[in-house]
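Here the structure comes first, spelled out in structure tokens, and everything after it is commentary.
If you read the sequence from its start, that first residue is 1, and numbering goes on from there.
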Amino acid sequence: MVRRRKRKGEDDRTADQVMGRSPKWPATRVAHLKREGECQACGSMQNLNVHHIRPYQLFPELELVESNLITLCEGSCNCHLCWGHLMLW
């Protein structure tokens, strides 16, 4: 295995840690997808994303709250972008 050298300013944090996510987020995401395993906009079961209805950056207390989560796809119709961000769902 070849390791690349760190660039100046890089660290060992994961993307979730860099974004300020709770360490409980990965388990919450998996549990949500088990409960709600299809896109709530189009019904797709592929390329699913767990979207925060109220953005966790603005409402950190709602990051792990089930009622603030919705499953949206990032497939051909990209409901996550269209419904989740552009139409503010």
Scan for salt bridge (Lys or Arg N to Asp or Glu O under 4.0 Å) pairs involving residues 24-33, sequence neighbours excluded, and state none if there are none. none
Just jot down the side chain to side chain contact (heavy atoms under 4.5 Å, CB included) partners of Pro60, sequence neighbours excluded, or say none. none
Got a sec: does the CD of Glu61 have more than 12 other heavy atoms crowding it under 6.0 Å? yes
For Leu62, what are the other residues in its hydrophobic cluster, where any two members join if their side-chain heavy atoms are less than 4.5 angstrom apart? Leu58, Phe59, Val65
Nearest 0.5 angstrom please: Tyr56 OH to Arg21 CZ, how far? 3.5 Å
For a quick test of reading the model, state the closest non-hydrogen atom pair linking Cys39 to Leu48 and the distance between them. N-CD2, 3.7 Å
When rounded to the nearest 0.5 Å, the distance separating NE2 of His80 from CG of Asn49 is 4.0 Å
List in chain and number order the residues that pass salt bridge (charged side-chain N to carboxylate O under 4.0 Å, His left out) with Glu38, two or more places apart in sequence or in another chain; answer none if no residue qualifies. none
Side chain to side chain contact (heavy atoms under 4.5 Å, CB included) with Leu81: which residues, sequence neighbours excluded? Asn78, His85, Leu86
Do Leu33 and Val50 come within less than 4.5 Å of each other through their side chains, counting heavy atoms only? yes
Which residues pass the side-chain hydrogen bond (donor to acceptor under 3.5 Å, both in side chains) test with Ser44, not counting sequence neighbours? none
Mind checking whether Glu36 and Ile70 have side chains closer than 4.5 Å, heavy atoms only? yes
Describe, in one word, how the ring planes of His52 and Trp25 are oriented to each other, choosing from parallel (under 30°), tilted (30 to 60°) and perpendicular (over 60°). tilted
Cys77: which residues meet the side chain to side chain contact (heavy atoms under 4.5 Å, CB included) condition with it, sequence neighbours left out? Cys42, Cys73, Cys79
Decide whether Glu66 and His32 meet the rule of one side-chain donor and one side-chain acceptor closer than 3.5 Å. yes
Rounded to the nearest 0.5 Å, how far apart are CZ of Arg54 and CD of Glu63? 15.5 Å
